[in-house]
Amino acid sequence: MADSISLQQKDPKGEELIDGPTFDIFNDYLQSGSSLSAAQAAIAVSRLAPEPSGEERTLDDGFFFGLWRSVIGVAEQIPHDHPAQDKLVRVMRELTLLPDTGITVWESRLWVELPILGAAFREYLNGPGQSDVEEEQARIDRAWVRFHAFSAKLMGAGVIHFDNQPIWMLREALEEEKKSPKSTAMERDLMTAAMYIEYAGPVLVESLVANPNPELNDQLRRSLRGGSLFGGEPGLRLERWAFWTKRFREEAEKASSGEAKETALHAARLMEVWRETRLRV
């Protein structure tokens, strides 16, 4: 079937991408002909969690780091525009709707607050891996874009609220001079930035509408500062939105692949339309 997805539990080197029980759930649920609903898949995932051993209703973080790494391992194998990515997002949303267990992990409620997910995601934000093997690097780059598409879709669905992450990815792609403008890294970063416009753009727009000139403390000013090519104020602002729009078009012209060029131009057009219709400047 055209919408079927072929998940791999291990990478080409034999290293585990998805633990066995999580793989079994998603390898069934994500297929186009599966009878498993998102709610049923979420219940199945929730049943993998251990029960508290003592009187206190708390759990260690180990299981949850492993679970979210496996979920990320699933997301990294699904193209951003494949229906299976949207199905995966629906399971994450259904997890937050499960009845309150009274259990906490790092003081976060299970499952409504998806404990440890933020920490697991942060492990992935230091940049994609590097390989001297072209085929391996291409696989790494595809996985990086897909992870960020998944993250952006979770933001767009209101499942997570990692407000800084889109700014960091847009800064990396659009506000820094690239040493090799024709490199695959440039196209990977461009595609990554575009994912946040494509799938979390409305959330960013509403944030701009609500607070076009945010007041930031010193820590946020440092964290959300502009890159070397952008001299404006830190944070999400109208001036920066306009700069990103222009840069998407500029970088699209440098892209070698048709997909990267088309995706960047589509992001730029979305930003222009939202600027005219929602931001009205």
Side-chain angles (χ1 to χ4, degrees), residues 3 5 7 18-52 56-78 80-124 146-166 195-196 198-207 210:
D3 288 341
I5 195 78
L7 291 182
I18 311 167
D19 69 71
T22 305
F23 177 85
D24 290 340
I25 293 169
F26 286 109
N27 197 42
D28 175 2
Y29 164 71
L30 292 176
Q31 303 309 323
S32 58
S34 176
S35 62
L36 202 62
S37 70
Q40 290 170 330
I43 291 170
V45 170
S46 73
R47 289 174 176 165
L48 300 178
E51 288 291 328
E56 293 188 11
R57 302 286 289 169
T58 61
L59 288 171
D60 292 334
D61 58 23
F63 165 80
F64 296 95
F65 271 113
L67 172 63
W68 302 136
R69 286 167 185 153
S70 288
V71 169
I72 290 169
V74 173
E76 288 180 327
Q77 297 185 52
I78 308 173
H80 71 91
D81 54 356
H82 194 286
Q85 263 231 6
D86 298 323
K87 292 186 71 174
L88 184 60
V89 170
R90 287 197 287 273
V91 172
M92 297 294 285
R93 184 174 62 185
E94 290 297 326
L95 279 171
T96 70
L97 303 181
L98 292 175
D100 193 346
T101 62
I103 299 171
T104 60
V105 188
W106 284 12
E107 300 183 352
S108 295
R109 291 177 294 162
L110 182 69
W111 288 86
V112 65
E113 295 179 304
L114 300 178
I116 314 301
L117 183 64
F121 271 36
R122 284 192 293 274
E123 287 186 343
Y124 280 72
R146 292 167 179 179
F147 161 70
H148 283 285
F150 176 56
S151 180
K153 289 182 180 186
L154 289 175
M155 291 183 63
V159 177
I160 62 173
H161 309 282
F162 302 163
D163 298 339
N164 297 348
Q165 196 165 304
M195 295 301 99
Y196 285 98
E198 183 72 34
Y199 300 118
V203 174
L204 300 178
V205 169
E206 293 310 312
S207 179

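- Using a distance-only test at 3.5 Å, with no hydrogens or angles considered, a donor-acceptor pair links the side chain of T101 to the main chain of L110.
- Using modelled atom types, no side-chain atom of W68 and backbone atom of G118 make a donor-acceptor pair closer than 3.5 Å.
- Annotation: side chain of Y199 is not in contact with side chain of H148 (no heavy-atom distance under 4.5 Å).
- With a 4.5 Å cut-off on side-chain heavy atoms, Y124 and E76 count as touching.
- Annotation for A149 and M195: closest pair CB-SD, 3.6 Å, computed over non-hydrogen atoms.
- Note: L114 CG to R109 CZ = 11.0 Å, rounded to the nearest 0.5 Å.
- Once rounded to the nearest 0.5 Å, the distance linking CE of M155 with CG of L204 reads 6.0 Å.
- Applying the ring-ring contact (aromatic ring centres under 6.0 Å, His included) rule to Y29 yields no partners; only residues at least two apart in sequence or on another chain are considered.
- With hydrogens and angles disregarded, no donor-acceptor distance shorter than 3.5 Å links the side chain of K87 to the backbone of S32.
- Closest non-hydrogen pair, P52 versus T58, comes out as CB-O, 3.7 Å.
- Here the shortest heavy-atom pairing between A42 and L98 reads O-CD1, 4.1 Å.
- For the atom pair CD1 of I116 and CG of D61, the computed distance is 5.0 Å after rounding to the nearest 0.5 Å.
- For the atom pair CG of N27 and CG of L7, the computed distance is 5.0 Å after rounding to the nearest 0.5 Å.
- The line from CG of L88 to CZ of R146 is 13.0 Å long, rounded to the nearest 0.5 Å.
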- Message: One pair to check against side chain to side chain contact (heavy atoms under 4.5 Å, CB included): E123 and I72. What are the steps and the verdict?
- Response: CA-CA 11 Å; E123 287 186 343; I72 290 169; over 6 Å; no
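- Using a 4.5 Å heavy-atom cutoff, the side chains of V45 and F26 are in contact.
- Here the side chains of V71 and L117 are not in contact, with every heavy-atom distance at 4.5 Å or above.
- Between I78 and L30 the shortest side-chain heavy-atom distance falls below 4.5 Å.
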- For V105 and F63, what are the C-alpha separation, side-chain angles and deciding distance, and is it a side chain to side chain contact (heavy atoms under 4.5 Å, CB included)? CA-CA 10 Å; V105 188; F63 165 80; over 6 Å; no
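- Between T96 atom OG1 and R93 atom CZ the span is 8.0 Å, to the nearest 0.5 Å.
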- Task: Test I25 against L48 for side chain to side chain contact (heavy atoms under 4.5 Å, CB included), laying out the working first.
- Result: CA-CA 10 Å; I25 293 169; L48 300 178; 3.9 Å; yes
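- With sequence neighbours excluded, no residue forms a ring-ring contact (aromatic ring centres under 6.0 Å, His included) with F150.
- Other residues, nucleotides and ligands contribute over 12 non-hydrogen atoms within 6.0 Å of the CG atom of N164.
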- Determine, step by step, whether L95 and M92 satisfy the side chain to side chain contact (heavy atoms under 4.5 Å, CB included) criterion, reporting the C-alpha distance in whole Å, the side-chain angles of both residues, the deciding distance to 0.1 Å, and the verdict. CA-CA 5 Å; L95 279 171; M92 297 294 285; 4.3 Å; yes
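- Side chains of D163 and S207 form no contact here, defined as non-hydrogen atoms less than 4.5 Å apart.
- For the pair Y196 and S151, the minimum side-chain heavy-atom distance is below 4.5 Å.
- No side-chain heavy atom of H80 sits less than 4.5 Å from a side-chain heavy atom of E198.
- Contact record, S35 with Q40: O-OE1, 3.7 Å, taken as the closest heavy-atom pair.
- Q85 places no side-chain N or O within donor-acceptor distance of the main-chain N or O of D81, the cut-off being under 3.5 Å.
- The shortest non-hydrogen separation linking I5 to Q77 is CD1-O, 4.1 Å.
- Pairing each heavy atom of A38 with each of V91, the nearest pair is O-CG2, 4.0 Å.
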